[in-house]
Amino acid sequence: MLRQLNLKAVYNSEEDNILQDFYIPVLSKSVSYDRAVGYFDAKMLTSSAAGLSKFIDNDGHMRLICGSTLTEPEYEAISLGYDARQLEERISDEFDQIIATVNDPLIEHQLQVLTWLVQNEKLDVKIALRRHGIHHQKIGVFQDIAGDFIVFQGSANETNNALLPFNYETINVFKSWLPEFRDHFEPHIASFNKLWSNKANDTLVLDISAIARSALTKKYPDVQRPNIQLEIDLWQKHLDSMMSSPSGLHPIIPDRLGDRKFQLHKHQKRALDNWQSNDFRGVFELATGSGKTITAIYGAIKMFQNRNRLFLVVAVPYQNLADQWAENLAIFNVRPIVCYGGEANWSSQLAKAVLDFKSGLTDFVAVVVVDATMTSHKRTFVDNLTLLGKDLSEYIMFVGDECHHHGAHSTYKALPETANLRMGLSATPDRGAEDDGNQRIEEYYGKIVDTYSLADALEDNVLTPYEYHLIPVAMTPDETEKYIMLSKKIAKLYAILKNTKFPSEQEEDGLNALLLKRAKLVNGSKNKPKALEELLGTLKPIKHSLFYCAEGMLENEDHEDDEGFRQIEIISSILHKHGWRSSRFTANENKARRAVILDDFKNEKVDSLVAMKCLDEGVDIPLCSTAFIMSSSRKERQFIQRRGRILRKSEGKIKAVIYDFVTTLPLENVSDPELGRKLMIAELKRINEFAGLALNKSSTYVDIEPYLKKYDLYHHVV
């Protein structure tokens, strides 16, 4: 019985083996186990079976609740009373993705335990979905045959890192036979039961037991009754390898990278040599796709091998980029602390890593932080790094990926001064006319120590050669009229501001609002989908293709009160009509869903991704061979990075093809032809950049020749 166990009130991973000291003894006495965890991801799923082999001997039954989020379309559909079929399909895809790549013997065993339980109707699984945020409850309730129960609550998330002594994790234990703890455990039990019965406010709870059974049985069709001794042996073997193997805690240079022997390209070696010569400071201006991440990680490992100590911090602008850095670091046997989301996910782990490094208990730490975490007003991240002190500066390396973001004053102030080793990475570090931002970047990182252009990368066969095709799209008459009206207002307000010594914030905001409205009109012209449909009529569905769409809602001229449609919805509909299998890739998709989408893209279950902005920086899609640019910013950084993303090398990829939908005013019947000329000049900035290195450069301008002739713009062609 549970009362017979000599249980502590608090367990922490620094002093206790939480698996062997708590989970296995308690589960061996239990006949039911209710568990609520914060996240629906691979870590939760593959480790939530810890200790359950013994639980099975008692004919125990488990109820598991895990958390996730609702996308806006899902929330709207459910609010309108539609069924949850699409939501269940998405969760099913996530389940498949989570278990697809497991190859660790311990995790394989844990998944087989779950499979046996769900096949024998001993496990029910539900998912708690919230529109904003995530269900973050972390509690467990064990009950024995006598009706006694134990409630535990705390930071341990039943993941490998949580249950092994690498993180500082704690759990609090409350026993039902001690009435003084009633106020502590009763709210947790009531909360779990409320969730299980789908009566919690602002949370939708779905039974996904059938989904779990289908996914697990497909992976493990023939499972035997789990054996507790096998689990203990596998766990100990895993623990021993992590603690005793020199490569278990230290970074290594791999023998292979993907399908080739690992070795740096000449430009990567040169960049690191120049960085070293500049006292280990500087910016790498390396073309998108030319290996900035691998260069930086290799440089960091060489620094560690040279100095025998290193605290590596990598700052990135987006969460998906943080995840990619973690994946790339894993190739070099580095398990970084990833800092984003709620502080509860990383703050205690970071604090312990800082103290261990400072005291000499650890000689290597890697941290990947999102810029928003670094600049948070709470200063939790910055304050932790400050504790390292200046005396360790020579061992602290800071890598700023997409470092052009760090020219902003708020971000610049958060950059750690304690780091003597500084490396900035960006294909486009120049912030244009923002002189202060450029100055801040140079003040922190130092000068640009190496430049490797897209032309260099193409010449060296580091990137894929490409064709570039222009699709001119004239605005509709109504759009033309609005464009002319907005342009005149912009010109008038710009003239006023130019002649005003101290323009008001309201006037500047007014100008920016007009510029945004005009840009939206250009990017979202109604004739673009029509031009695409005409083009698709000449093409068969193309594998590994990408469509860049305009952001936000487009105007609906037919219904003045209607906010309109998203271009991405229109494009997706057209693709479906023409037999293309497409999937949207936007900010609405969470990490697990994106992984499923990219896997389907890789395996040709879908032909194309229809994206908005989120593929501009960070996401690696080397398989993509054809791009349709329906919308493009005038910002040079955006279109340069988009092109580089399409040109990444991939096996069997001989060339890439880019279709650029260029917005124009109609050639005839325009009241102000000069505005048509200015618009084409603005578009030529991007066209010239793309055409200059294209395989078909000589024929690129044929489709816009009527505009070049009308506006006398031949001298603007590079």
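F22 has its ring centre less than 6.0 Å from the ring centre of F152. Here the two rings, on F357 and F311, have centers that are under 6.0 Å apart. Here F364 and H250 keep their ring centres 6.0 angstrom or further from each other.
Salt-bridge check for K269 with D273: failed, with every basic side-chain N at 4.0 Å or more from each acidic carboxylate O.
With F280 as the aromatic partner, R422 does not meet the cation-pi criteria of under 6.0 angstrom to the ring centre and within 45 degrees of the ring axis.
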* To do: Report the C-alpha distance between D371 and H406 in whole Å, list the side-chain angles of each, state the deciding distance to 0.1 Å, and finish with yes or no for side-chain hydrogen bond (donor to acceptor under 3.5 Å, both in side chains).
  => CA-CA 9 Å; D371 288 345; H406 296 168; 3.2 Å; yes

* Please test D450 against R270 for salt bridge (Lys or Arg N to Asp or Glu O under 4.0 Å), starting from the C-alpha separation and ending with a verdict. => CA-CA 8 Å; D450 195 79; R270 185 187 67 228; 2.6 Å; yes

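Around the CG atom of D255, the shell of radius 6.0 Å holds no more than 12 heavy atoms that belong to other residues, nucleotides or ligands.
The side-chain contact (heavy atoms from CB on, under 4.5 Å) test with L421 is passed by exactly one of L312, V313, L310: L310.
Taking the six-membered ring where the residue is Trp, Y318 and H405 present perpendicular rings, their angle passing 60° and hence far from 30°. A parallel orientation is assigned to the rings of Y452 and H267, their planes being inclined by less than 30° (bins at 30° and 60°).
A donor-acceptor pair under 3.5 Å is absent between the side-chain atoms of Y412 and the main chain of G437, judged by distance alone.
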